[in-house]
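Remarks on the structure that follows.
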Amino acid sequence: MQYGYEVRFSSKPEGDGDDTQTSSWKPNALIMEKGLKYDKPSVMKGRTDVNSITNWNAPLVWEGTFDPVVIDSIYKKMDPRIAVIVFAVGKYTRFLKAFIETGEKYFMVDFRVTYYIFTDHEDEVPKVQLAAGRKITILTVPSATRWQDVVLGRMKWATIAIDQQIRSEADYVFMMDIDSTFRYRFGAESLSRLSAVLHRGYYKTPDRANFPYERRPQSQAYIPIDEGDYYYTAAVWGGYLEDMYTLVKYCYEQSKIDEKNNIEAAWQEESHLNKYLLYNKPTKVLSAEYLWCDYDRITEDVKVIRISQIAKNYAEVRPNWN
Ligand code: UD2
């Protein structure tokens, strides 16, 4: 049995800290173990009901576009350390238990994983039995009176925590919403330099003008009406530590500029994330399987749901209404 708790990160320096250190992570060649048995891949057959490649030639990942046996064999040889950054501030600590318990069942099983839990209620972090090689690190952050400050503040605290601590402990980083549970394999097929998830509500939107991007030119997150590829969710995204560091820091800095100009992007950090990913394309796009939600009907192209957002009473869990 392993609980692996550590409590750190009580100092709260201002600024962006020292970014001169770099992660030692170097992706290896795609080496597979000898003698592995798996279905022969076909050149002619694959998913035909959905597109599985972007127009910049990045994989668009759906169930049926990868073989978990092959993917796992390759990535287990690399043995990466995977950080999951989640925030549970105020009443959101109630979501921790189910998130971690289901994460242990489905998220990067047999890989080295650390859940970094940023919370203002350390005492409410549940004791969950973790598999070997997996642990929880608790980082304390201040309480908030506006939920917008929590969602945006994630970019600031993640920037500082990567600088101070996570850089020397992880090779890949995922940022995730806590109010969700894992339902099915979420594995190494999701790993890349920068992986972003299609928002379930907009993945079939035919006209980019209907994406809920920030449309006010006064905001740093502004995207003109005739630009855009996809609408990505900010609830699940990940990549190499240094690429993720660049991106969380970007969102933090852009939101600071917005704050000085008295504007808050329409969907907070999600707007800044979408702006960045338009001009810095993700190296993998993960389908909406990687984040669905409990209250939406499942569409026929979604064969499995890997994470589902829990239906919640916003008025009850958030510190403010709007
Ligand atoms: C959407 C996005 C979310 C973020 C937000 C910004 C999806 C599924 N999620 O979520 O990623 O971009 O919009 O408007 O599209 N939190 C706390 N305490 C709080 C409030 C939030 O810990 O008081 C954390 C917690 O980890 C939560 C996350 O912030 O999961 C996102 O907040 P939310 O779930 O209230 O936002 P939601 O559902 O509108």
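Counting from 1, the numbers follow the sequence of the chain as shown. Both ligands and their constituent atoms are indexed starting at 1 by order of listing.
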- Could you give the distance from OG (Ser255) to CE (Met155), rounded to the nearest 0.5 Å?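 Reported to 0.5 Å precision, the distance equals 8.5 Å.
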
- Considering non-hydrogen atoms only, spot the tightest contact between Leu277 and Ala196 and give its length.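 Smallest heavy-atom distance, with atoms named: CD1-CB, 3.7 Å.
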
- Message: For a quick test of reading the model, state the closest non-hydrogen atom pair linking Asp258 to Gln218 and the distance between them.
- Response: OD1-O, 4.2 Å

- Task: Take Tyr232 and Tyr202 through the ring-ring contact (aromatic ring centres under 6.0 Å, His included) test and state the conclusion after the steps.
- Result: CA-CA 8 Å; Tyr232 304 101; Tyr202 301 96; over 10 Å; no

- Query: Taking side chain as C-beta onward, heavy atoms only, is Leu139 less than 4.5 Å from Trp157?
  - Reply: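 Not touching, per the 4.5 Å side-chain cut-off.
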
- Message: I need the full list of ring pair (Phe, Tyr, Trp, His ring centres under 6.0 Å) pairs touching residues 79-100, with sequence neighbours left out, sorted by first then second residue.
- Response: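 Checked against ring pair (Phe, Tyr, Trp, His ring centres under 6.0 Å) - neighbours excluded - the pairs reaching residues 79-100 are Phe87-Phe118, Tyr92-Phe95, Phe99-Phe182.
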
- Message: So if I only count non-hydrogen atoms and take anything under 4.0 Å from ligand 1, which residues does that give, chain by chain?
- Response: Phe87, Ala88, Val89, Tyr92, Trp147, Val150, Val151, Arg154, Asp177, Ile178, Asp179, His199, Thr233, Ala234, Ala235, Trp267, Gln268, Glu269, Glu270, Leu291, Gln309, Lys312, Tyr314, Arg318, Pro319

